[in-house]
**Student:** 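The structure follows.
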Amino acid sequence: LFEELERAVLEGNAEETERLVKALLEKGVNPLEIIDKGCVPGIERAGELFDAEEFYLPELIIAGDAMKRAMAVLEPELKKSDLGRKSLGKVVIGTVEGDMHDIGKSIVASMLSGAGFDVLDLGVDVSIERFLEEARETEADIVGLSALLTSTVAKQEEFLRVLESQGLRQRFRVMVGGAPVTEEWAIRMGADGYAEDAVSAVRLARSLVAKE
Ligand code: B12
C-alpha cells in the first residue's frame with residue numbers, strides 16, 4: 001500500500017491517494033508513518049523528475065494537489081493526540097513572503113499541535129510585518145518560518161534583523177526550516193534552531209520552551 005500511495009502522489013491521482021490513505025488509517029497505521037513512507041517519497045520523486053526535466057510544472061502541481069488531499073485526511077489525525085493536554089506554548093508559523101510551498105510547513109504545524117502546542121498557522125506568502133504583528137498579538141513563544149526556495153530563505157534572516165532592530169530579539173524564539181535551509185545557515189543567521197523534519201521540529205520546539 002505504501003508503494004501504491006507513493007505512485008498515486010507521484011502521478012497526481014488525488015482520488016486514489018485519498019483512498020489509500022484511508023485504507024492505511026483503517027489498518028491502524030500511524031499517520032506520520034503514512035506521510036513518511038508513502039506521501040513524502042512520492043512528492044520527492046516528483047521533485048527529482050522536475051529537476052531532471054522529465055516533469056514540468058503542471059505535473060508538479062497535480063502531485064502537490066494529491067499530497068494536499070492526503071494531508072486533508074491526515075492532519076486531523078495528527079492533531080488528535082492533543083486532546084485535553086495543557087498547552088506547551090504558543091507557536092506562530094508560516095511560509096515566508098514570495099513562497100507558496102506549504103506541504104512541509106503544514107505537517108510541522110499539525111505535529112506541533114498534536115504534541116500540545118497552540119499553533120497559529122499563517123499560511124503561505126507571509127510578510128515579515130504580518131509574522132511580527134501576529135507574534136506580538138498572540139504573545140507567541142516561538143515563531144517558525146518555512147522557506148523552500150533559495151530565493152526566499154533570505155526572508156528568514158531579514159525577520160531576525162527586523163526583530164533585532166526593534167529590540168524584540170529576546171522576546172521570541174525563532175526556528176527555521178525548509179528543504180534549502182541547513183543547520184549552518186540557521187546558526188549563521190542567528191536563529192534559535194533549525195529542524196530538518198517535523199519530528200525534529202517538535203523536539204526543537206520543546207527544547208526552546210524548556211529554555212525560556
Ligand atoms: C510540491 C512542490 C511544489 C508545489 C507546492 C505545493 C504546495 N502547496 O506546497 C508547487 C507546484 C506549487 C511548486 C511551485 C514551485 N516550485 Co516547487 N517544489 C515542490 C517539491 C517537489 C516538494 C516540496 C514538498 O512539499 N516537500 C515535502 C515536504 C514534506 O518537505 P519540506 O517542504 O522540505 O518540509 C519538511 C522540512 O523541510 C521541514 N520544514 C519545513 N518547513 C519548516 C518550518 C520550520 C519552522 C521547521 C522547524 C521545519 C520545517 O519539515 C517538513 C516536514 O518534514 C520541491 C522539491 C523538494 N524535494 O523539496 C520543489 C521545489 C522546492 N520547487 C522548486 C521551484 C523552483 C518551484 C517554482 C519556482 C517552479 C516554477 N518555475 O514556477 C514554484 C515556486 C512557487 C512559489 N513562489 O513558491 C525548486 C526550488 C529550487 C530552489 N532551490 O530554489 C524545488 C527544490 C524543485 C527543484 N528541484 O527544482 N512546487
Side-chain angles (χ1 to χ4, degrees), residues 6 9-10 12 14 17 31-72 74-75 78 91-115 117 119-126 131 135 140-156 159-160 172-183 185-186 189 191-209:
E6 175 177 343
V9 171
L10 176 65
T17 299
L32 194 61
E33 199 178 339
I34 301 178
I35 295 173
D36 281 349
K37 293 193 182 157
C39 304
V40 169
I43 197 75
E44 281 185 353
R45 185 75 192 117
E48 284 163 22
L49 291 175
F50 179 72
D51 251 351
E53 292 181 18
E54 284 176 44
F55 256 27
Y56 294 96
L57 202 55
E59 281 116 335
L60 197 60
I61 291 173
I62 60 164
D65 286 347
M67 175 90 182
K68 296 217 69 165
R69 184 80 80 91
M71 290 312 300
L74 291 164
E75 273 166 16
L78 289 177
V91 182
V92 166
I93 192 167
T95 301
V96 299
E97 193 172 340
D99 203 322
M100 303 298 172
H101 295 87
D102 70 348
I103 295 169
K105 178 268 303 160
S106 303
I107 297 176
V108 172
S110 306
M111 287 286 294
L112 286 170
S113 155
F117 285 90
V119 180
L120 176 63
D121 185 345
L122 302 178
V124 297
D125 195 20
V126 181
F131 271 114
D141 300 291
I142 300 176
V143 182
L145 300 101
S146 181
L148 265 285
L149 298 169
T150 37
S151 57
T152 56
V153 286
K155 291 282 171 191
Q156 297 176 328
F159 178 71
L160 287 155
F172 310 108
R173 301 281 82 99
V174 178
M175 60 181 194
V176 293
V181 182
T182 59
E183 177 102 58
W185 162 250
M189 77 172 117
D192 297 298
Y194 151 81
E196 63 173 354
D197 58 36
V199 173
S200 27
V202 169
R203 208 177 302 132
L204 171 65
R206 282 210 182 99
S207 76
L208 292 177
V209 288

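Ligands are counted one by one from 1 in listed order, and the atoms in each one are counted from 1 as well.
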**Student:** Just wondering, do His101 and Thr152 contact through their side chains at under 4.5 Å, heavy atoms?
**Tutor:**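 With C-beta onward as the side chain, the pair stays apart.
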
**Student:** To the nearest 0.5 angstrom, please state how far the CG atom of Leu122 sits from the OG atom of Ser146.
**Tutor:**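 Those atoms lie 12.0 Å apart.
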
**Student:** Applying a 4.0 Å heavy-atom criterion (strictly less than), which segment of Tyr194 is in contact with ligand 1: side chain, backbone, both, or neither?
**Tutor:**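 Neither; nothing of Tyr194 gets under 4.0 Å from ligand 1.
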
**Student:** Within a distance under 4.0 Å of any heavy atom of Gly178, pick out the atoms of ligand 1 and give their elements.
**Tutor:**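 Atoms satisfying the 4.0 Å criterion: 37 (O), 39 (N), 40 (C), 41 (N), 42 (C), 49 (C).
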
**Student:** What protein heavy atom sits nearest atom 82 (C) of ligand 1, and how far away is it?
**Tutor:**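 Protein heavy atom with the smallest distance to atom 82 (C) of ligand 1: Thr150 OG1, 3.5 Å.
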
**Student:** Which atom names give the shortest non-hydrogen contact between Ile142 and Met175, and what distance separates them?
**Tutor:**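 Scanning both residues, the minimum pair turns out to be CG2-CG, 3.9 Å.
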
**Student:** Which one holds for Glu48 and ligand 1: side chain close, backbone close, both close, or neither close, with close meaning a heavy atom under 4.0 Å?
**Tutor:**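 For Glu48, there is no contact with ligand 1 at all, from either part.
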
**Student:** Quick one: does any side-chain atom of Asp102 pair with a main-chain N or O of Lys105 as donor and acceptor, under 3.5 Å?
**Tutor:**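 No, because the side chain of Asp102 does not come within donor-acceptor range (under 3.5 Å) of the backbone of Lys105.
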
**Student:** Where do Ala205 and Leu112 come nearest, in terms of heavy atoms and distance?
**Tutor:**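 Minimum heavy-atom separation between Ala205 and Leu112: CB-CD2, 3.6 Å.
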
**Student:** Atom 44 (C) of ligand 1: which of Cys39, Gly177, Gly94 has the nearest heavy atom?
**Tutor:**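 Going through Cys39, Gly177, Gly94 one by one, Gly177 has the nearest heavy atom to atom 44 (C) of ligand 1.
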
**Student:** Going by a strict under-4.0 Å cutoff (protein heavy atoms only), does atom 54 (C) of ligand 1 have a neighbour on the protein?
**Tutor:**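 Within 4.0 Å: no protein heavy atom nearby.
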
**Student:** Students should be able to answer this: which protein heavy-atom is nearest to atom 88 (C) of ligand 1, and at what distance?
**Tutor:**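 For atom 88 (C) of ligand 1, the nearest protein heavy atom is Asp51 OD1, 3.4 Å.
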
**Student:** Going by distance only, is there an N or O of Ser151 that falls short of 3.5 Å from an N or O of ligand 1?
**Tutor:**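 N/O-N/O distance below 3.5 Å does not exist for this pair.
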
**Student:** Quick check: does any side chain N or O of Asp121 sit under 3.5 Å from a backbone N or O of Ser106, one acting as donor and the other as acceptor?
**Tutor:**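 Pair absent, no side-chain N/O of Asp121 close to backbone of Ser106.
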
**Student:** My question is simple, although I want it checked carefully: is atom 20 (C) of ligand 1 less than 4.0 angstrom from any protein heavy atom?
**Tutor:**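 No, because not a single protein heavy atom sits under 4.0 Å from atom 20 (C) of ligand 1.
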
**Student:** Quick one: look up the protein heavy atom nearest atom 8 (N) of ligand 1 and list residue, atom name and how far away it is.
**Tutor:**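 Checking every protein heavy atom, the shortest distance to atom 8 (N) of ligand 1 gives Asp102 OD1, 2.7 Å.
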
**Student:** Have a look at Ile107, Leu149, Val124 and point out the one with the heavy atom closest to atom 64 (C) of ligand 1.
**Tutor:**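 Going through Ile107, Leu149, Val124 one by one, Leu149 has the nearest heavy atom to atom 64 (C) of ligand 1.
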
**Student:** Can you find a protein heavy atom under 4.0 Å from atom 38 (C) of ligand 1?
**Tutor:**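 There is a protein heavy atom less than 4.0 Å from atom 38 (C) of ligand 1.
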
**Student:** With heavy atoms of Phe50 as the reference, note each atom of ligand 1 found under 4.0 Å away.
**Tutor:**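 Within the 4.0 Å cut-off of Phe50, ligand 1 contributes 87 (C), 88 (C), 90 (O).
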
**Student:** Distance check, rounded to the nearest 0.5 Å: Leu208 atom CG versus Phe172 atom CZ?
**Tutor:**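 With rounding to 0.5 Å, CG (Leu208) is 14.0 Å from CZ (Phe172).
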
**Student:** What heavy-atom pair brings Ala198 and Met111 nearest, and what distance separates the two atoms?
**Tutor:**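 For Ala198 versus Met111, the nearest heavy atoms are CB-CG, 3.7 Å.
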
**Student:** Which residue supplies the protein heavy atom nearest to atom 45 (C) of ligand 1, what is that atom called, and how far is it?
**Tutor:**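 Result: Met175 O, 3.5 Å.
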
**Student:** Kindly indicate whether atom 27 (C) of ligand 1 is approached by any protein heavy atom to under 4.0 angstrom.
**Tutor:**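 Under 4.0 Å from atom 27 (C) of ligand 1, at least one protein heavy atom found.
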
**Student:** Heavy atom under 4.0 Å from ligand 1: found in Ala195's side chain, backbone, both, or neither?
**Tutor:**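 It is both backbone and side chain that touch ligand 1.
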
**Student:** With atoms numbered from 1 as shown, which atoms in ligand 1 lie under 4.0 angstrom from a non-hydrogen atom of Leu145?
**Tutor:**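 In order of number, 43 (C), 45 (C).
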
**Student:** Relative to the heavy atoms of Gly47, which atoms of ligand 1 are at a distance of less than 4.0 Å?
**Tutor:**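 Taking each heavy atom of Gly47 in turn, ligand 1 has 21 (C), 89 (N) under 4.0 Å.
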
**Student:** So Glu59 and Tyr56, do their side chains get closer than 4.5 Å, heavy atoms only?
**Tutor:**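 A side-chain contact exists here, since the closest heavy-atom pair is under 4.5 Å.
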
**Student:** From the options Met100, Glu196, His101, select the one whose nearest heavy atom is closest to atom 14 (C) of ligand 1.
**Tutor:**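 It is His101 whose heavy atom sits nearest to atom 14 (C) of ligand 1.
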
**Student:** Give yes if a backbone or side-chain nitrogen or oxygen of Leu57 is under 3.5 Å from a nitrogen or oxygen of ligand 1, and no if not.
**Tutor:**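 N/O-N/O distance below 3.5 Å does not exist for this pair.
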
**Student:** Is there side-chain contact between Met71 and Ile35, with heavy atoms separated by less than 4.5 Å?
**Tutor:**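 Yes, their side chains come closer than 4.5 Å.
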
**Student:** Report yes if some heavy atom in the side chain of Leu148 is under 4.5 Å from a heavy atom in the side chain of Thr95; otherwise report no.
**Tutor:**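 Counting from C-beta outward, Leu148 and Thr95 never come under 4.5 Å.
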
**Student:** Just to check, does Gly98 reach to within less than 4.0 Å of ligand 1 when the distance is taken from its heavy atoms?
**Tutor:**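 It does; at least one heavy atom falls under 4.0 Å.
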
**Student:** Around atom 23 (C) of ligand 1, find the nearest protein heavy atom and jot down its residue, atom name and distance.
**Tutor:**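 Of the protein heavy atoms, Leu148 CD1, 4.2 Å lies nearest.
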
**Student:** Using a strict 4.0 Å cut-off to heavy atoms of Asp99, name the atoms of ligand 1 that fall inside it.
**Tutor:**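 Within the 4.0 Å cut-off of Asp99, ligand 1 contributes 78 (O).
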
**Student:** Flag atom 12 (C) of ligand 1 as yes if some protein heavy-atom distance to it falls below 4.0 Å, otherwise no.
**Tutor:**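 Protein heavy atom within 4.0 Å of atom 12 (C) of ligand 1: absent.
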
**Student:** Could you tell me the separation between the CG atom of Leu60 and the CD1 atom of Ile43, rounded to the nearest 0.5 Å?
**Tutor:**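 Between atom CG of Leu60 and atom CD1 of Ile43 there are 6.0 Å.
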
**Student:** Looking at ligand 1, does any of its N/O atoms fall within less than 3.5 Å of an N/O of Lys68?
**Tutor:**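 No, there is no polar N/O contact under 3.5 Å.
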
**Student:** Give the residue, atom name and distance (to 0.1 Å) of the protein heavy atom nearest atom 31 (P) of ligand 1.
**Tutor:**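 Its nearest protein heavy-atom neighbour is Gly104 CA, 4.0 Å.
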
**Student:** Side-chain contact, heavy-atom cut-off 4.5 Å: Phe55 with Glu48?
**Tutor:**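 Heavy-atom side-chain distance check fails, nothing below 4.5 Å.
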
**Student:** To check your reading of the model: name the closest protein heavy atom to atom 57 (N) of ligand 1, its residue, and the distance in Å.
**Tutor:**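 Ranking protein heavy atoms by distance from atom 57 (N) of ligand 1, first comes Glu44 CG, 4.3 Å.
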
**Student:** Looking only at protein heavy atoms, identify the closest one to atom 22 (C) of ligand 1 and say how far it is in Å.
**Tutor:**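 The protein heavy atom lying closest is Ile43 CG1, 3.9 Å.
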
**Student:** For Ile103, counting its heavy atoms only, list the atoms of ligand 1 lying under 4.0 Å from any of them.
**Tutor:**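 Matching atoms, with element in brackets: 7 (C), 9 (O), 25 (O).
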
**Student:** Is the closest side-chain heavy-atom distance between Ile107 and Ser110 below 4.5 Å?
**Tutor:**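 With C-beta onward as the side chain, the pair stays apart.
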
**Student:** Does even one non-hydrogen atom of Ala198 get within less than 4.0 Å of ligand 1?
**Tutor:**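 The answer is yes, since Ala198 has a heavy atom less than 4.0 Å from ligand 1.
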
**Student:** Can you find a pair of side-chain heavy atoms, one from Pro41 and one from Glu44, that are under 4.5 Å apart?
**Tutor:**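 They are not in contact (no side-chain heavy atoms under 4.5 Å apart), so the answer is no.
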
**Student:** Which atoms of ligand 1 sit under 4.0 Å from any heavy atom of Gly144?
**Tutor:**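 Matching atoms, with element in brackets: 45 (C).
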
**Student:** So which heavy atom on Phe131 is nearest to which on Ile93, and how close?
**Tutor:**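 Closest approach of Phe131 to Ile93, heavy atoms only: CE2-C, 4.1 Å.
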
**Student:** State whether any protein heavy atom lies less than 4.0 Å from atom 86 (C) of ligand 1.
**Tutor:**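 No, because not a single protein heavy atom sits under 4.0 Å from atom 86 (C) of ligand 1.
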
**Student:** Would you confirm whether Asp125, through its side chain, and Gly98, through its main-chain N or O, come within 3.5 Å as a donor-acceptor pair?
**Tutor:**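 Yes, because the side chain of Asp125 sits within donor-acceptor range (under 3.5 Å) of the backbone of Gly98.
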
**Student:** Looking at Val108, which atoms of ligand 1 are within less than 4.0 Å of one of its heavy atoms?
**Tutor:**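 It comes down to these atoms of ligand 1: 39 (N), 48 (C), 49 (C), 50 (O), 51 (C).
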
**Student:** Any side-chain heavy atom of Val209 sitting closer than 4.5 Å to one from Phe117?
**Tutor:**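 SC-SC contact between Val209 and Phe117 confirmed.
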
**Student:** Provide the closest heavy-atom pair for Ala14 versus Arg69 in the form atom of the first, atom of the second, distance.
**Tutor:**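 Answer, listing the atom of Ala14 first, then Arg69: CB-NH2, 3.6 Å.
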
